[in-house]
Amino acid sequence: MTIVTEKINLTPELKKEAEKLMLRYPDKTAALIPVLHLVQGKFGFVSVELEEQVAELMGLSRTRVHGVLTFYTMFNRKPVGKYLVQVCTNISCTLNGAEETLKKVKQKLGIGVGETTTDNKFTLMTVECLGSCGTAPVMQINDDYYENLTEQKIDEIFDKLN
């Protein structure tokens, strides 16, 4: 994994885009999640430095921004691989084989939960719920859902991504 040593800053263009977003809401605080999505879209994650800059830009406390970032699992706090693999471990998925699914994905990628492959291609995370209980077990890779997972399906999915 590449270690970022230089300070990351919001660009003037990104700040303008964020300000436009804030104008769409009667209370700029309501724009916090869209602004954080904008920042993550640019950098791939929202670091502590970026968190501070968003708070300053929006006139919010850092605690407020931090609370939103740490509450929602859709925000990455550190760099992730090209493919963010999220395996659901909630009750429906667990009852339908999430443990076996996670074991197979770990084996396939050669990494553990919270780790990124050495080529920065995959990051593996577990999530509490992907909202697809009727098709458990489920995983999400970037914006795509993969449902009713079996070992064979997992092999096919990752073979296509490699």
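What you see is a predicted model; the values in this text were computed from it and never measured.
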*Backbone N or O of Val127 within a donor-acceptor pair of the Thr89 side chain at under 3.5 Å?*
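A pair under 3.5 Å: yes.
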
_Asp119 vs Lys82, test: salt bridge (charged side-chain N to carboxylate O under 4.0 Å, His left out). Steps then yes/no._
CA-CA 9 Å; Asp119 61 1; Lys82 176 180 179 182; over 6 Å; no

*Are any of the side-chain nitrogens in Arg77 or Glu51 under 4.0 Å away from the carboxylate oxygens of its partner?*
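The answer is yes: the pair qualifies as a salt bridge.
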
Side-chain contact, heavy-atom cut-off 4.5 Å: [X] with [Y]?
{"X": "Met139", "Y": "Leu149", "result": "yes"}
{"X": "Asp159", "Y": "Lys108", "result": "yes"}
{"X": "Leu109", "Y": "Lys121", "result": "no"}

*Going by atom types alone, do Thr29 and Asp27 pair a side-chain donor with an acceptor below 3.5 Å?*
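Result is yes, a qualifying pair exists.
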
_Interatomic distance, Met22 atom CE to Glu17 atom CD [nearest 0.5 angstrom]_ =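 The CE atom of Met22 sits 11.5 Å away from the CD atom of Glu17.
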
*asked:* By the ring pair (Phe, Tyr, Trp, His ring centres under 6.0 Å) test, which pairs, at least two apart or in different chains, include something from residues 108-151?
replied: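 Sorted result for residues 108-151: Tyr83-Phe122, Phe122-Phe158.
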
*Hydrophobic cluster mates of Ile91, side-chain heavy atoms under 4.5 angstrom, ILVMFWY only, any path?*
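Leu95, all in the cluster of Ile91.
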
*Among Gln152, Lys160, Lys153, the one residue meeting side-chain hydrogen bond (donor to acceptor under 3.5 Å, both in side chains) with Glu156*: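 Answer after filtering Gln152, Lys160, Lys153: Gln152.
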
_Tell me whether Glu56 at atom CD has more than 12 heavy atoms from other residues, nucleotides or ligands lying less than 6.0 Å away._
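No, because the 6.0 Å sphere around CD of Glu56 holds 12 heavy atoms or fewer from other groups.
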
